[in-house]
Amino acid sequence: MQEKEKKSVEKLPDVNDVTTCESTAQMLRKARKDGVEICFDRAATMKACPIGADSACCKHCSMGPCRLNSKDPYSKVGVCGATIDTIMARNFGRMVAAGTAAHTDHGMGMLELFREVVNGHIQDFTIKDTQKLIDVAASIGIETSDRSVKDIANDLYKELERTYTQVEGEIPFARRVPSKTLETWRKQGIVPRGAMREIMEMMHRTAIGVDQHYENITKQCSRTALADGWGGSMVSTEISDILYGTPTPILTEVNMGVLKENQVNIIIHGHEPNLFESMIASVNTPTLIEAAKQAGAQGINLVGMCCSGAEMMSRHGIPHAGNFTSTEAVLVTGAVDAQAPLFTTNPRCHIEGATHIQFAEHDPRACTDEIVIKAITRFKNRKLPVEIPKTSNPSIHGFSYEYINYMLGGSFRGSYTPLNDNIINGRIRGVAGVVGCTNPRVKQDYVHVELVKRLIQNDVLVLQTGCSQIALAKAGLYTPEAAYLAGPGLREVCETVGMPPVLGLGSCVDNSRILIAASEMVRVGGLGESIADLPVAGAAPEWMSEKAIAIGQYFVASGVFTVFGVTFPIVDGTNFHKLLFDGLEKQGMGKWGFTPDPIEMADLMIAHIDKKRKALGIDKARERILVDMADRRLIEAA
Ligand code: SF4
């Protein structure tokens with residue numbers, strides 16, 4: 001966050017136009033009073049470049065940079081001869097490569113930690129969920145009967161390392177892909193090898209003078225993205241569960257009201273579950289709690305934000321202060337004594353002006369204890385008045401793929417059969433994954449919340465990860481009582497099982513849980529033979545990161561219709577656009593969609609779900625109508 005001289009607030013948009021989150025709005029008003037600029041102000045004063053927004057420019061060599069006319073995209077080509085389709089496909093491919101690199105580097109870090117735990121070189125972390133270890137090993141053909149945990153774990157490490165380093169052949173988790181989906185990938189030549197190889201080839205092919213054909217580049221986009229979704233990200237989630245425990249539903253609190261004025265507040269932000277796990281141990285250390293009390297605090301309050309926050313909320317019920325675009329706003333409270341922007345811990349990530357205290361898995365407490373000590377000192381020296389928004393919302397999270405299995409079928413007959421049955425009989429129209437960040441170029445949380453409300457009103461069960469679930473949690477949809485907002489069929493299922501109509505599955509990396517859930521729906525039967533046959537759809541309504549493009553592409557390549565909001569980084573009506581928004585579906589995969597409007601987005605997703613229901617011959621089980629809030633009131637009044 002950057003302090004600036006007090007600027008004319010008249011030039012900045014009304015706070016109620018940039019966020020629906022009351023806590024963030026309150027902090028934005030305070031920031032303006034305090035003369036502090038945050039991301040919403042910067043977004044208002046930094047206009048997006050229209051050519052860049054359409055991806056109609058290229059700077060891949062020094063004959064350029066070249067700018068094409070996105071209003072008349074075929075009127076010229078780059079100096080090298082690159083057409084608009086080549087340029088957009090190359091730019092898109094590099095976004096996929098960057099997003100995949102981020103997820104897979106994180107996943108590889110988790111796998112290295114696992115190796116060191118198994119070798120006994122690291123004692124601060126252990127294998128907490130041996131059943132998950134056995135299940136994951138068995139899922140990729142590792143023998144598990146009559147073998148020690150250590151032997152299974154060693155084999156699992158060796159096998160999963162291929163996810164990243166394998167030069168030829170299919171990655172291990174390709175065995176989890178429904179056979180017809182895998183057949184499509186093989187036909188298209190997009191079954192991923194190791195992520196390093198795919199990212200390397202993506203970067204190679206998108207350099208000047210290499211791959212000029214947007215269709216061929218798109219194949220590598222899919223292959224690289226699949227190395228993320230079914231590779232790096234999936235390994236990360238599975239190893240996190242093995243080391244830290246598979247989430248089960250847990251009640252927590254979400255929103256800035258989780259900060260405590262009279263306690264030392266520590267927020268963990270970013271994508272650092274290992275740091276978070278160690279921090280849990282540090283804040284529960286009696287000597288550090290005593291030191292906090294000596295400093296005048298009643299205790300130490302550990303809170304999460306953004307993705308690590310979503311993961312820890314799901315796994316341990318740690319309260320969550322807010323999603324991505326509330327990052328700076330929460331600091332304006334004056335109550336945060338330690339957060340990642342003030343302390344950086346990962347050697348990959350330093351921030352000018354922040355204190356770097358490096359985290360090492362071999363000695364994690366050295367870092368987290370030091371941060372706690374510094375936070376206590378900061379608490380003692382708090383000088384400015386503290387203002388904490390009062391709101392916090394009770395919220396249930398932690399619906400792992402395994403728990404959904406148990407929840408629907410019980411201990412003895414845990415299965416996705418009840419879910420498939422309820423889709424076939426029409427009580428549940430279909431399933432939507434609504435994920436992704438928030439983006440200061442659109443009103444914070446608005447599209448997430450309105451989209452999800454419209455989906456559940458129309459009996460679509462919603463699965464969520466990342467910051468999107470925080471938007472819905474703040475809107476109060478993460479309790480079983482929120483089932484009253486659902487359509488009659490979904491409401492009946494939620495009330496029978498006692499579950500919310502919206503299920504939170506963890507962080508953005510945990511989108512792989514949605515892929516596994518989709519595969520299980522195919523395996524159980526009755527809903528087609530591939531993921532592309534399922535009545536499902538996905539959305540990232542307020543996306544902003546390259547990682548979102550990688551995620552979107554792996555969902556599309558897996559067979560899911562995936563709709564993005566805010567903006568879509570290519571020119572409408574071009575050949576590349578037609579391929580992403582239509583052609584991939586004809587090849588047996590999913591396709592992209594785009595609209596910034598939440599109602600239109602929901603209706604696109606519902607129309608797709610209905611199209612799939614019709615193709616499966618289960619459309620007669622329910623009337624094909626869209627239900628909105630006014631209809632619901634009429635139904636309830638009748
Ligand atoms: Fe221009 Fe081609 Fe160089 Fe890109 S690669 S900057 S389009 S000359």
Side-chain angles (χ1 to χ4, degrees), residues 96-119 121-122 127 129 132-144 147-179 181-186 188-205 219-243 274 361 401 509-513 515-516 519 550-551 553-554 557-558:
V96 169
T100 300
H103 289 141
T104 50
D105 193 30
H106 168 68
M108 199 162 176
M110 292 302 302
L111 191 64
E112 282 166 353
L113 169 64
F114 177 66
R115 179 194 63 213
E116 293 301 274
V117 170
V118 175
N119 287 343
H121 296 153
I122 288 181
I127 292 175
D129 192 338
K132 176 96 188 203
L133 170 79
I134 291 164
D135 291 347
V136 174
S139 78
I140 52 172
I142 294 171
E143 181 56 55
T144 58
R147 298 188 71 203
S148 71
V149 166
K150 185 164 181 174
D151 284 349
I152 297 169
N154 265 322
D155 282 0
L156 183 63
Y157 168 75
K158 280 184 216 137
E159 190 64 9
L160 291 184
E161 193 186 36
R162 296 202 288 115
T163 303
Y164 305 96
T165 58
Q166 179 175 294
V167 175
E168 283 302 337
E170 299 175 355
I171 54 171
F173 283 149
R175 296 176 73 135
R176 292 175 157 191
V177 180
S179 56
T181 303
L182 189 58
E183 198 183 300
T184 302
W185 294 359
R186 284 179 179 150
Q188 295 298 327
I190 58 169
V191 187
R193 300 158 293 179
M196 288 175 172
R197 182 80 196 260
E198 300 307 353
I199 294 164
M200 181 164 62
E201 185 169 322
M202 186 83 257
M203 295 305 286
H204 175 196
R205 280 164 64 164
K219 284 192 180 181
Q220 186 59 21
C221 288
S222 296
R223 203 175 190 187
T224 306
L226 290 171
D228 177 355
W230 294 88
S233 283
M234 195 172 281
V235 169
S236 172
T237 295
E238 302 298 52
I239 294 296
S240 296
D241 284 356
I242 291 167
L243 290 178
N274 308 343
E361 277 81 3
Y401 146 77
V509 172
D510 296 331
N511 279 322
S512 54
R513 297 192 201 276
L515 294 175
I516 300 290
S519 303
I551 292 168
Q553 187 64 26
Y554 73 61
S558 298

Contacts of Lys158 that satisfy side chain to side chain contact (heavy atoms under 4.5 Å, CB included) - sequence neighbours left out: Asp155

Distance (rounded to the nearest 0.5 Å) between Leu182 CG and Ile190 CD1: 10.0 Å

Interatomic spacing from CG in Leu156 to CD in Glu161 - rounded to 0.5 Å: 11.5 Å

With sequence neighbours excluded, residues passing side-chain hydrogen bond (donor to acceptor under 3.5 Å, both in side chains) with Thr181: none

Set of side chain to side chain contact (heavy atoms under 4.5 Å, CB included) partners for Glu159, sequence neighbours left out: Ile140, Ile142, Arg162, Pro172

Side chain proximity check, Thr163 to Leu111, heavy atoms < 4.5 angstrom: no

Residue list, side-chain hydrogen bond (donor to acceptor under 3.5 Å, both in side chains) with Tyr164, at least two apart or on another chain: none

Pairwise distance CD1(Ile242) to CG(Asp135) - rounded to 0.5 angstrom: 9.0 Å

All side chain to side chain contact (heavy atoms under 4.5 Å, CB included) counterparts of Leu113, not counting sequence neighbours: Val117, Ile122, Phe125, Leu243, Tyr244, Asn274, Glu361

Any side-chain donor near an acceptor of the partner, Ser222 and Trp185, under 3.5 Å: no

Residues forming a salt bridge (Lys or Arg N to Asp or Glu O under 4.0 Å) with Arg175, sequence neighbours excluded: none

Taking every non-hydrogen atom, the tightest pair across Ala225 and Tyr554: O-CB, 3.2 Å

Rounded distance (nearest 0.5 Å) linking atom CD1 of Ile239 with atom CD1 of Ile127: 8.5 Å

Partner set under side-chain hydrogen bond (donor to acceptor under 3.5 Å, both in side chains) for Glu201, not counting sequence neighbours: Arg193, Arg205

For Arg197, salt bridge (Lys or Arg N to Asp or Glu O under 4.0 Å) partners two or more places apart: Glu168

With Ile152 via side chain to side chain contact (heavy atoms under 4.5 Å, CB included) - residues at least two apart: Leu133, Ile134, Ala137, Thr144, Arg147

Partners meeting salt bridge (Lys or Arg N to Asp or Glu O under 4.0 Å) with Asp105 (sequence neighbours left out): Arg348

With sequence neighbours excluded, residues passing side-chain hydrogen bond (donor to acceptor under 3.5 Å, both in side chains) with Asp228: His103, Ser233

Residues in salt bridge (Lys or Arg N to Asp or Glu O under 4.0 Å) contact with Lys132, at least two apart in sequence or another chain: Glu238, Asp241, Glu402

No-hydrogen, no-angle side-chain donor-acceptor test under 3.5 Å, Thr224 and Thr100: no

